[in-house]
A.B. asks: 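Take this structure, written in structure tokens, and hold onto it; I'll ask about it next.
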Amino acid sequence: MKAVARTGATFDVIVVGGGGSGLFAAVEAAELGRRVLVLEKNPRPGGMTSWAIGSLSSSGSPMQRAVGIDDAPDDHFEDMALFHGALLSRDNPELRRAFVDNVPQTLKKLLDMGVVFFGPMPEPPHRVPRMHNVLPNSRSYGHALYRRARHLGVTVLLNHRAVRLVREKGRITGVIAEHAGVEWQFFATGGVVLAGGDFSANREMKQTYAGETVAHADALVTTSTGDAIRLGLEAGGEIVNGDLVSGPQLRFVPPRNNLMTKLPPNRFLALVMKWSMKQLPQALVRPFIMMFLTTVLEPQRKLYESGAILVNRAGERFTDECDKPQLSVPLQQGREAFILLDGDLAQRFSKWPFYISTAPGVAYAYLPDYRRNRKDIYYQANSIQGLAKRIGVPGPALEQTVATYNQNPREGALGLVRAPFIALGPVRSWVLTEGGLRINALMQVLSPDGTVIPGLFAAGATGQGGIILEGHGHHLGWAFTSGRLAGRGAATIL
């Protein structure tokens, strides 16, 4: 028999998840004078937000006005739909409207907390530049929000995993969380906000909602196991758009050490970087930008179209690189692969327009940038046998693979024939799930028949039920904005 949970403290609002959406929910509720508890299962806050590129798209920003851009939520509402394509029919206009109307205030609050942005940057089909890129990196968001939350007296309990919701008289009134093998029950006089991220690290949920091929792909954050979504389902909610995913997408494995991603989220440093990006010659600024750009971004399809091939740990080519290789890589040994180039391809992908990867509105990364900034994934040798030794695959097998490919290279390619030979990788297949709990514009969780589940709210990826977030800067914008609205809703039902 399971032990009865010990009784913890009572708060006005309880937030499950200490990522960007959860921390913003806590800040919003605390600014309304509420006693707030955040339950975070990881040893540190930040969540998926810390892994983001860091862009946030909004209309009506001070940065837009500073360069003479007149922009409004109505225009943003219309332009967001232009990104959706065939997914437009699956979008929830009510949630899109709530997002575009409130994201300008979200951005303003981040600025007030000391977050520094560079931009706005253009991204068609946005009619005007709306993409604001955070400096020095996306860790700045979590740092600023956590600092603000603590200043407001928010209680943040780390290493506390929410396992069940408490329901009394049809209303959600608390959360049971497990810590060091002991369960504690916390009570909420107001509302409970579910903000625990997506289910990209939950293979069973991915298989159920998105299918077998997606289930094999990795998650950028291994603790994104859908715990908060599961709590919402157990309370009577449902997942909307559970079959939609971002990816699978081949990306380079994260660097073991990277200066740009380890820079402290310091406001002074961010302001210096912002000034430098505007005033200093690009030849001086670009190497620092590349430290960020060459982290975990996607190698472009043009690399394969030009003749590069993928090989697995056995030294074998296992797929057509231009036909959804992201579905094949997870089935290989170690769930990873290497990209092979020769000297001709290396020379071509050293300058425009042949780049390895890009971050929209920031810069393009070429092969020399990877050689300089990602020595951990860059391998070079003067022979195929030597390259095999460098990447730890069987030499004879790799020689046979390259010889076979050279007999019938991709149309327009010459084969891999000229030294030096280069391998980039490993690359792995990553996925983000786009489905979340069904909610209304007040971020209240809904049952399948559309009725409100009293006392329960959801935000961020957990509450992404119905809104389509194509285009850069919309996922983070939604995370923060929905968190803010959910925190406000949970704080005002007292």
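Bear in mind the structure is a predicted one, so any value in this text is a computation, not a measurement.
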A.B. asks: Please check this pair: side chain of Gln332 against backbone of Arg335, looking for a donor-acceptor N/O pair closer than 3.5 Å.
C.D. replies: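 Checking the backbone N and O of Arg335 against the side chain of Gln332, no donor-acceptor pair under 3.5 Å is found.
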
A.B. asks: Got a donor-acceptor contact below 3.5 angstrom from the Trp430 side chain to the Pro248 backbone?
C.D. replies: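 No, because the side chain of Trp430 does not come within donor-acceptor range (under 3.5 Å) of the backbone of Pro248.
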
A.B. asks: To the nearest 0.5 Å, what is the distance between CD1 (Ile239) and CZ (Arg230)?
C.D. replies: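 Here the rounded value is 11.5 Å.
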
A.B. asks: With heavy-atom distances below 4.5 Å as the criterion, would you say the side chains of Leu158 and Pro45 are in contact?
C.D. replies: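 In short, these two side chains touch, coming nearer than 4.5 Å.
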
A.B. asks: Just so I know, are the side chains of Leu88 and Ile468 near enough to count as touching, which here means a heavy-atom distance under 4.5 Å?
C.D. replies: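 Side chain of Leu88 against side chain of Ile468, heavy atoms only: no contact under 4.5 Å found.
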
A.B. asks: If I compare all heavy atoms of Gly460 with all of Ser482, which pair ends up nearest, and what's the gap?
C.D. replies: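 What the structure gives for the nearest pair is N-OG, 2.8 Å.
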
A.B. asks: Under the side chain to side chain donor-acceptor pair (under 3.5 Å) rule, collect the residues that match up with Asp71, sequence neighbours excluded.
C.D. replies: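 Per chain and number, Asp71 pairs via side chain to side chain donor-acceptor pair (under 3.5 Å) with Gln64, Arg130.
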
A.B. asks: Give the minimum heavy-atom separation between Leu310 and Ala337, together with the two atoms involved.
C.D. replies: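 The pair with the smallest heavy-atom distance is CD2-CB, 4.2 Å.
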
A.B. asks: Measuring only between side-chain heavy atoms, which start at C-beta, is Ile453 closer than 4.5 Å to Arg167?
C.D. replies: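 Answer yes - side chains close enough.
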
A.B. asks: Leu485 vs Met443, test: side chain to side chain contact (heavy atoms under 4.5 Å, CB included). Steps then yes/no.
C.D. replies: CA-CA 7 Å; Leu485 297 176; Met443 308 301 126; 3.7 Å; yes

A.B. asks: Tell me whether the rings of Tyr370 and Phe252 are parallel (<30°), tilted (30 to 60°) or perpendicular (>60°).
C.D. replies: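 Tilted.
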
A.B. asks: Exactly one of Leu446, Leu442, Ile439 should register a side-chain contact (heavy atoms from CB on, under 4.5 Å) with Val452. Which one does?
C.D. replies: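 It is Leu446; the other options fail the test.
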
A.B. asks: Indicate yes or no for a side-chain donor-acceptor contact from His132 to the backbone of Gly119 under 3.5 Å, with no hydrogens or angles considered.
C.D. replies: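 Such a contact is absent between His132 side chain and Gly119 backbone.
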
A.B. asks: Can you give each donor-acceptor pair under 3.5 Å made by side-chain atoms of residues 13-27, sequence neighbours left out, with the distance rounded to 0.1 Å?
C.D. replies:
none

A.B. asks: Heavy atoms, side chains only, cut-off 4.5 Å: are Pro129 and Ile69 in contact?
C.D. replies: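 Yes, side chains in contact.
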
A.B. asks: What orientation do His474 and Phe99 show, parallel under 30°, tilted 30 to 60°, or perpendicular over 60°?
C.D. replies: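 Ring orientation, 0 to 90° scale: perpendicular.
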
A.B. asks: Decide if atom CZ of Arg44 counts as having more than 12 heavy atoms of other residues, nucleotides or ligands within a radius under 6.0 Å.
C.D. replies: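 Counting other residues, nucleotides and ligands, CZ of Arg44 stays at 12 neighbours or fewer.
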
A.B. asks: To the nearest 0.5 Å, what is the distance between CG (Leu165) and CG (Leu231)?
C.D. replies: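 One finds 4.5 Å between CG of Leu165 and CG of Leu231.
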
A.B. asks: Starting at CG of Leu331, measure out to OG1 of Thr213 and round the result to the nearest 0.5 Å.
C.D. replies: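 Here the rounded value is 9.5 Å.
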
A.B. asks: Between the side chains of Lys41 and Thr225, does any donor sit under 3.5 Å from an acceptor?
C.D. replies: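 There is such a pair between these side chains.
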
A.B. asks: Within the supplied structure, the quantity of interest is the number of heavy atoms (other residues, nucleotides, ligands) at a distance under 6.0 Å from Glu234 CD; does it exceed 12?
C.D. replies: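 Result for CD/Glu234: enclosed.
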
A.B. asks: Among Leu37, Val38, Val36, Leu39, which one satisfies side-chain contact (heavy atoms from CB on, under 4.5 Å) with Thr155?
C.D. replies: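 Among the candidates, only Leu37 passes.
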
A.B. asks: Among Asp243, Val245, Leu244, which residue meets the side-chain contact (heavy atoms from CB on, under 4.5 Å) test with Val214?
C.D. replies: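 So the option named by the test is Val245.
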
A.B. asks: Test your reading of the model: is there a side-chain donor-acceptor pair from Glu238 to the backbone of Gly236, 3.5 Å cut-off?
C.D. replies: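 No: the side chain of Glu238 does not pair with the backbone of Gly236.
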
A.B. asks: Does Arg90 reach the main-chain N or O of Val240 with its side chain, forming a donor-acceptor pair under 3.5 Å?
C.D. replies: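 Side chain of Arg90 to backbone of Val240: no pair is present.
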
A.B. asks: What's the separation between atom CG in Asn42 and atom CG in Asn159, rounded to the nearest 0.5 Å?
C.D. replies: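 One gets 8.0 Å once the value is rounded to the nearest 0.5 Å.
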
A.B. asks: Whether the side chain of Asn102 engages the backbone of Thr481 through a donor-acceptor N/O pair (distance < 3.5 Å, no angle test) should be reported.
C.D. replies: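 No, Asn102 side chain to Thr481 backbone: no donor-acceptor pair under 3.5 Å.
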
A.B. asks: Sorted by first residue and then second, give each ring pair (Phe, Tyr, Trp, His ring centres under 6.0 Å) pair with at least one member in residues 172-196; sequence neighbours left out.
C.D. replies: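 Those involving residues 172-196 are His160-His179.
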
A.B. asks: Please check this pair: side chain of Ser429 against backbone of Gln326, looking for a donor-acceptor N/O pair closer than 3.5 Å.
C.D. replies: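 A pair under 3.5 Å: yes.
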
A.B. asks: Could you check whether any side-chain N or O of Ser57 sits under 3.5 Å from a backbone N or O of His472, counting only pairs where one atom can act as donor and the other as acceptor?
C.D. replies: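 Yes: the side chain of Ser57 pairs with the backbone of His472.
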
A.B. asks: Could you tell me whether a side-chain N or O of Arg34 sits under 3.5 Å from a main-chain N or O of Ala491, the two making a donor and an acceptor?
C.D. replies: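 Yes; judged by distance alone, with no hydrogens or angles, the pair exists.
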
A.B. asks: Return yes if some donor-acceptor pair links the side-chain N/O of Lys206 with the main-chain N/O of Thr433 below 3.5 Å, else return no.
C.D. replies: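 No, the answer is negative, given that no donor and acceptor are paired below the 3.5 Å cut-off.
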
A.B. asks: Can you tell me which residue among Lys109, Arg488, Arg484 is in a side chain to side chain donor-acceptor pair (under 3.5 Å) with Glu31?
C.D. replies: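 Exactly one candidate clears the test, Lys109.
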
